[in-house]
Asks: 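Please find one structure pasted underneath; my questions will follow.
Within every chain, numbering begins at 1; the chains are lettered A, B, ... in the order of the sequence lines, protein sequences first and strands thereafter. This structure is a prediction, so every number in the text was calculated from the model and none was measured.
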There are 2 protein chains.
Amino acid sequence: MDATELARLCKALGDPTRARVFLFLCQCCAQVALDDDGGARPADGPTVGEVCCHITGSPQPSSNLSFHLKELREAGLVTTERRGQRVVCRIDRATLARLAETFAAAQSCCGPDPERTNR
Amino acid sequence: MDATELARLCKALGDPTRARVFLFLCQCCAQVALDDDGGARPADGPTVGEVCCHITGSPQPSSNLSFHLKELREAGLVTTERRGQRVVCRIDRATLARLAETFAAAQSCCGPDPERTNR
DNA sequence: ACGATATTTCGATAACTATTGAAATATCGA
DNA sequence: TCGATATTTCAATAGTTATCGAAATATCGT
């Protein structure tokens, strides 16, 4: 990943509210639901209102959260999908994977030893 | 890592100039030098002037880069050490490791399948 | 101490961003 | 279609941030 894209993604995560949303969606994403035929699938993400409830504590949806979700969506970190009246949110796994790989590569690039043993 | 710290680190990386500096320092960090006794050790990082040269293309140091380095340093992503007239920069491996682990955990939290195979 | 080199700090400014409330849009059930 | 619920868009504002040039600080060699 080049610096421009890294900056774009990190800028989206560089706000406390958005970082909370991101980590919350990662948690939700781990939950598993069962299909009608009994097959396991990733659970649907939380609705915007549920995210709002988790972040702000108040059940009423806020324009502020909508703004932050838009930032995350436009950065490619989050996808949203309308389900009737509600809109469910999910982590974009592909983007997250690229981000994780970028930092893993940066880390291995720096070598295995966190302490300078010589000199 | 909690959302507050994630946001702090990502905010520091959420600027194109700083992202470039970060990736450049990761590269430099991979280089290895030899001690007087022949033991391998991580090479000294580049000086502020060298970073500036790589980022801006011009050899003259800029107050702007100094500002961005300060942001990275205060976020804990970069360390600086004076070597006479020069100041050498390095990635803070411990912070990078925590960041890499956070995204790796977020990713594994989301499960192994990037595609929804069911439904 | 002095001059040269390297880097940081300071002050000003323009651009950007988060927040808020009100209005608009979308979907559903009756 | 109407009312209710869920979400987004819009406009205004206050706070933050990147950039620039000039001045200040630090270190070295002479």
Side-chain angles (χ1 to χ4, degrees), chain A residues 3-4 6-25 28 44-90, chain B residues 3-4 6-25 28 44-90:
Chain A
T4 302
L6 179 61
R8 214 168 37 89
L9 295 178
C10 284
K11 188 163 95 171
L13 289 174
D15 172 271
T17 300
R18 289 197 291 266
R20 290 183 67 196
V21 171
F22 173 78
L23 292 178
F24 177 59
L25 289 182
C28 292
D44 277 349
T47 66
V48 172
E50 285 167 342
V51 174
C52 193
C53 191
H54 178 263
I55 298 296
T56 71
S58 92
Q60 65 226 10
S62 78
S63 64
N64 194 19
L65 187 80
S66 189
F67 162 72
H68 288 303
L69 276 173
K70 190 175 83 170
E71 295 286 308
L72 289 170
R73 181 168 5 102
E74 289 180 349
L77 284 162
V78 165
T79 63
T80 59
E81 182 187 351
R82 189 169 271 275
R83 284 260 205 281
Q85 275 175 303
R86 319 287 177 84
V87 171
V88 297
C89 311
R90 291 195 205 89
Chain B
T4 302
L6 179 62
R8 213 167 38 86
L9 295 178
C10 285
K11 189 163 93 172
L13 289 175
D15 173 272
T17 300
R18 291 198 289 267
R20 289 183 67 196
V21 171
F22 173 79
L23 292 178
F24 177 59
L25 290 182
C28 292
D44 277 349
T47 67
V48 172
E50 286 167 341
V51 175
C52 194
C53 192
H54 178 263
I55 298 296
T56 70
S58 92
Q60 65 225 10
S62 76
S63 64
N64 194 18
L65 187 79
S66 189
F67 163 73
H68 287 303
L69 276 172
K70 190 174 82 169
E71 295 286 309
L72 288 169
R73 181 165 9 100
E74 290 181 347
L77 284 162
V78 165
T79 63
T80 59
E81 182 186 352
R82 189 169 272 274
R83 283 259 204 281
Q85 275 176 300
R86 319 286 177 84
V87 170
V88 298
C89 312
R90 292 195 206 87

Asks: Look at all strands and tell whether B/Thr47 reaches a base, only sugar-phosphate, or nothing, counting heavy atoms closer than 4.0 Å.
Replies: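 Sugar-phosphate contact only - B/Thr47 comes under 4.0 Å of backbone atoms but never of a base.
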Asks: B/Glu71 has an atom CD; how far is it from atom P of D/dT16, in whole Å?
Replies: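 After rounding, the reported distance stands at 13 Å.
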Asks: Do B/Arg86 and B/Glu50 meet the salt-bridge criterion of a basic N to acidic O distance under 4.0 Å?
Replies: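 No salt bridge links B/Glu50 with B/Arg86.
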Asks: Donor-acceptor check, side chain of A/Arg20 to backbone of B/Ala3, threshold 3.5 angstrom: yes or no?
Replies: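 Not confirmed, A/Arg20 side chain does not pair with B/Ala3 backbone.
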Asks: Between atom CZ of B/Arg8 and atom CG of B/Leu77, what is the distance when rounded to the nearest 0.5 Å?
Replies: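 Separation between the atoms: 8.5 Å.
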Asks: Kindly indicate whether the side chain of B/Thr4, heavy atoms from C-beta on, has any atom under 4.5 Å from the side chain of A/Pro16.
Replies: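 No, their side chains stay 4.5 Å or more apart.
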Asks: Please report the distance, rounded to the nearest Å, between CG in A/Leu72 and P in C/dA18.
Replies: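 Rounded to whole Å, this separation is 10 Å.
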Asks: Along nucleotides 25-30 of chain D, 5' to 3', which nucleotides get a B, which get an S, and which get a -, given that the test is a protein heavy-atom distance under 4.0 Å?
Replies: --BS--
Asks: Below 4.5 Å, heavy atoms only, C-beta onward: do A/Asp15 and A/His68 meet side chain to side chain?
Replies: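 A/Asp15 reaches A/His68 side chain to side chain.
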Asks: Of the options C/dT8, D/dT7, D/dT19, whose atoms approach the side-chain atoms of B/Arg73 most closely?
Replies: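 When the side chain of B/Arg73 is considered, C/dT8 is the closest of C/dT8, D/dT7, D/dT19.
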Asks: Hey, are the side chains of B/His54 and B/Val21 touching, using non-hydrogen atoms and a 4.5 Å cut-off?
Replies: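 No. Closest side-chain heavy atoms not under 4.5 Å.
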Asks: Hey, does the side chain of B/Arg82 reach the backbone of B/Gln85 with a donor-acceptor pair shorter than 3.5 angstrom?
Replies: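 Answer holds: yes.
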Asks: Could you list by number each residue of residues 10-20 of chain B showing a heavy-atom separation from DNA chain D of less than 4.0 Å, or answer none if no residue does?
Replies: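 Listed by number, they are B/Lys11, B/Asp15, B/Arg18.
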Asks: When you check the phosphate oxygens OP1 and OP2 of C/dA18, does a side-chain N or O of A/Asn64 lie under 4.0 Å from one of them?
Replies: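 Checking C/dA18 against A/Asn64, no side-chain N or O comes under 4.0 Å of OP1 or OP2.
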Asks: OP1, OP2 of D/dT17 versus side-chain N and O of B/His68: anything below 4.0 Å?
Replies: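 Indeed not, no polar side-chain atom of B/His68 lies that close.
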Asks: Whole Å only: how far is the CG atom of B/Leu65 from the P atom of C/dT7?
Replies: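 Checked: the CG to P distance equals 10 Å.
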Asks: Tell me, do A/Leu6 and B/Leu23 make a side-chain contact under 4.5 Å, heavy atoms counted?
Replies: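 Sidechains of B/Leu23 and A/Leu6: in contact.
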Asks: When the distance from NZ of B/Lys70 to C1' of C/dT7 is rounded to whole Å, what number comes out?
Replies: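 One finds 13 Å between C1' of C/dT7 and NZ of B/Lys70, rounded.
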Asks: Would you indicate whether the side-chain heavy atoms of B/Leu65 and B/Thr56 approach each other to under 4.5 Å?
Replies: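 No; the side chains remain at least 4.5 Å from each other.
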Asks: A/Leu69 has an atom CG; how far is it from atom P of C/dT19, in whole Å?
Replies: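 Nearest whole value for this atom pair: 13 Å.
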Asks: Report the distance from atom CZ of A/Phe67 to atom C1' of D/dC10, rounded to the nearest whole Å.
Replies: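 It is 13 Å, rounded to the nearest whole Å.
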Asks: Select one nucleotide: of D/dA22, D/dT7, C/dG21, the one nearest the side-chain heavy atoms of A/Ser63.
Replies: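 The answer is C/dG21.
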Asks: If I take atom NZ from residue A/Lys11 and atom CG from residue B/Leu13, how far apart are they, to the nearest 0.5 angstrom?
Replies: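 With rounding to 0.5 Å, NZ (A/Lys11) is 13.5 Å from CG (B/Leu13).
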Asks: From A/Leu72 CG over to A/Thr79 OG1, what is the distance, rounded to the nearest 0.5 angstrom?
Replies: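 Between A/Leu72 CG and A/Thr79 OG1, I get 11.0 Å after rounding to 0.5 Å.
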Asks: Going by heavy atoms closer than 4.0 Å, what residues in residues 48-57 of chain A are next to DNA chain D?
Replies: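 Of all residues in residues 48-57 of chain A, the ones placing a heavy atom under 4.0 Å from DNA chain D are A/Val48, A/Gly49.
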